[in-house]
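In what follows, a structure is listed as structure tokens, so that the remarks can point back to it.
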Number of protein chains: 2
Amino acid sequence: MIQLKARLALELPAINRALDKAVDTLPEPVRPVTRHIFEAGGKRLRPLLTVLTARLLGNNNEDILDLAVTLEMLHAATLLHDDVLDNAVSRRGKPAAHTLYNVSSVILAGDALLAGANALVAQRGDPRLSHCFSEATSQTAAGEILEIASQGSVDSSAAQYEEMVRGKTAWLIRAACEMGALAAGADDKTVAAAAAYGENLGMAFQMVDDALDFAPESVTGKPTGGDVREGKLTPPLRLYRDSLSQADRKDFDAAFTSLSMTGADAEAIALRIREAGFDAAVRRQADTFLDAARHALNSLPDKSERKVMFHMADYVRDRKK
Amino acid sequence: MIQLKARLALELPAINRALDKAVDTLPEPVRPVTRHIFEAGGKRLRPLLTVLTARLLGNNNEDILDLAVTLEMLHAATLLHDDVLDNAVSRRGKPAAHTLYNVSSVILAGDALLAGANALVAQRGDPRLSHCFSEATSQTAAGEILEIASQGSVDSSAAQYEEMVRGKTAWLIRAACEMGALAAGADDKTVAAAAAYGENLGMAFQMVDDALDFAPESVTGKPTGGDVREGKLTPPLRLYRDSLSQADRKDFDAAFTSLSMTGADAEAIALRIREAGFDAAVRRQADTFLDAARHALNSLPDKSERKVMFHMADYVRDRKK
């Protein structure tokens, strides 16, 4: 873990400088909103993954940073649009952009970020990179749309949920690794291994996130059971629902589908989920994805960057908030 | 003009089929919203321009249609986001999408359309096309952002307005022609001529649109002076404001900057603009752009498509609604 933190500390200033540079290419009126979303924090795991994969596979050019930030820009664009959609009041502990800026600016800032990122990728003149980036954009949008479409529904299957997560979360992380490999001119097999590492890491990341949603607020700093109240039938909640008697399930479904769960309802469900170990069970499912991620990594060169990428899998597994 | 209409009638069914096909590649939940925006009409001038330019320069492949619809998809994405931003109640005489679907669906449908279009372009594997498309996305977003930033302001210059229009409207039309030329494998000089035709046609299109905003509703079917009420200092309105006495201008500025103009105010201003011929003056300014568009066309091959493109310039000039 120390190695991961050290590497992040080493790369972070350059990543943030590249982000600042990218923001400066956007139309002036949207820069305050975009600076706000970047300054609100974020782990920069996506750019870090692009940089690590590119270096691991032999690309040591400094300009990899300009490519690495494009997926962080896409990520920020989705966060901006999400916050408007969710009407969220805060993001990463700071006020959500649309509470500080008007909704128009926030939607357009998202559009401008996406367009700007797209232009940065296109500038490299490599059709495989453009294809990868546009696929990431499409898959992320599709995943988000599936998520919204299934909100408050108890009818979606576990497989549908997985498909949604693959789009919403895993594709971007996959694309971060894939673009790094492509930028290093890696062969198809190596690109596929880098992509598999990223996709599985992303799947695990989201499952751990879903488990953490039921951890106490005192640990995570976020309200417990937000997913219950938003009508998201995440894996721990599905296990919980499956454990209910027919009568209790009927009551649960009524409140869940009408999005009328209270904070107290969510707290009570979270407590039960922790007691029954449903969150731990989901973390074990995430381990399966992490094993697949590690397996993919094994076929890549044994260099310091690969060690950091193994640590990243451990970080995802051990994450407490 | 008959030639233009005939050509449009000839190409339109195939363009609409290609659009339907593209919509079918989008995530299922956003298809109703996107069908709604396409079925609400639209002249399909952008796809037609791509098809015409490609054919004119020697690309007769049917698959040009799949490329041609990408800019219509981008255009539709901006319309969807615009309608949310403007809180418009109608679009092309039909209810605006967000009055029929929830705002989340509309924003995400816009995102999905943009992502899907991007993916269609990337699939062709031609970096020049990807670059052109991403530039069109960036410039359009930048233009819209400048427009919103200057709403209710009397301080922006005519040059700033022109820059905004170049982004908001002209770039997409330029890109439609440029992509057609690129898809035909044209040389740089020819691509530049196609781009110049499109850009100037687009500038003229918006200026005529700005003039038409002050035509009577009985002619256009749209409320007169909408731009006055929305705080958009378009060229006819700038001429009007410049014609006011210092005292009258102070009153105008107070109402305009506070976005408190009434429908009656807008009607009165429109009447004065028509009487003074400020709208006609702006149409004459548009003619200068149309002359530049025709000049660019002259360097392209003298084939039937070029005739239609000349007619298109006449259509933009003569448009009554």
Side-chain angles (χ1 to χ4, degrees), chain A residues 25-31 33 74 77-78 80-82 84-87 102-151 164 167, chain B residues 25-31 33 74 77-78 80-82 84-87 102-151 164 167:
Chain A
T25 67
L26 301 179
E28 202 282 324
V30 298
R31 289 183 212 158
V33 189
L74 166 52
T78 66
L80 287 171
H81 285 185
D82 275 0
V84 174
L85 302 182
D86 295 347
N87 212 8
N102 64 52
V103 170
S104 303
S105 308
V106 176
I107 295 180
L108 284 171
D111 291 352
L113 268 171
L114 192 54
N118 207 354
L120 277 176
V121 176
Q123 264 170 30
R124 296 184 77 99
D126 180 341
R128 293 173 312 164
L129 285 174
S130 288
H131 181 76
C132 181
F133 184 83
S134 74
E135 193 67 16
T137 317
S138 285
Q139 295 283 352
T140 305
E144 294 193 341
I145 288 156
L146 287 175
E147 179 169 48
I148 287 186
S150 66
Q151 239 167 324
M164 182 276 287
Chain B
T25 66
L26 300 179
E28 202 283 325
V30 299
R31 288 182 212 160
V33 191
L74 166 52
T78 66
L80 287 172
H81 285 185
D82 274 0
V84 175
L85 302 183
D86 294 350
N87 212 6
N102 64 52
V103 170
S104 303
S105 308
V106 176
I107 296 180
L108 284 171
D111 291 353
L113 269 171
L114 192 55
N118 207 355
L120 277 176
V121 176
Q123 265 170 29
R124 297 185 75 98
D126 180 342
R128 293 172 314 162
L129 285 174
S130 287
H131 181 76
C132 182
F133 184 84
S134 73
E135 193 68 17
T137 317
S138 285
Q139 295 283 351
T140 305
E144 294 193 340
I145 288 155
L146 287 175
E147 180 169 46
I148 288 186
S150 66
Q151 239 168 324
M164 183 275 287

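A:Ser138 approaches B:Ala115 most closely through the heavy-atom pair OG-O, 3.1 Å.
Among A:His131, A:Glu144, A:Arg124, the residue making the largest number of heavy-atom pairs under 4.5 Å with chain B is A:His131. Heavy-atom pairs under 4.5 Å with chain A peak, among B:Gly116, B:Ala136, B:Pro127, B:Ser134, at B:Ser134.
Shown are A:Ile145, A:Thr137, A:Asp111, A:Ile107; of these, the side-chain contact (heavy atoms from CB on, under 4.5 Å) with B:Asp111 is made only by A:Asp111.
Under the side-chain contact (heavy atoms from CB on, under 4.5 Å) criterion, B:Ala149 pairs with A:Pro29, not counting sequence neighbours.
Neither the backbone nor the side chain of B:Leu26 comes within less than 4.5 Å of any heavy atom of chain A.
In this structure, the separation between CG on A:Leu114 and CG on B:Leu114 is 5.5 Å, given to the nearest 0.5 Å.
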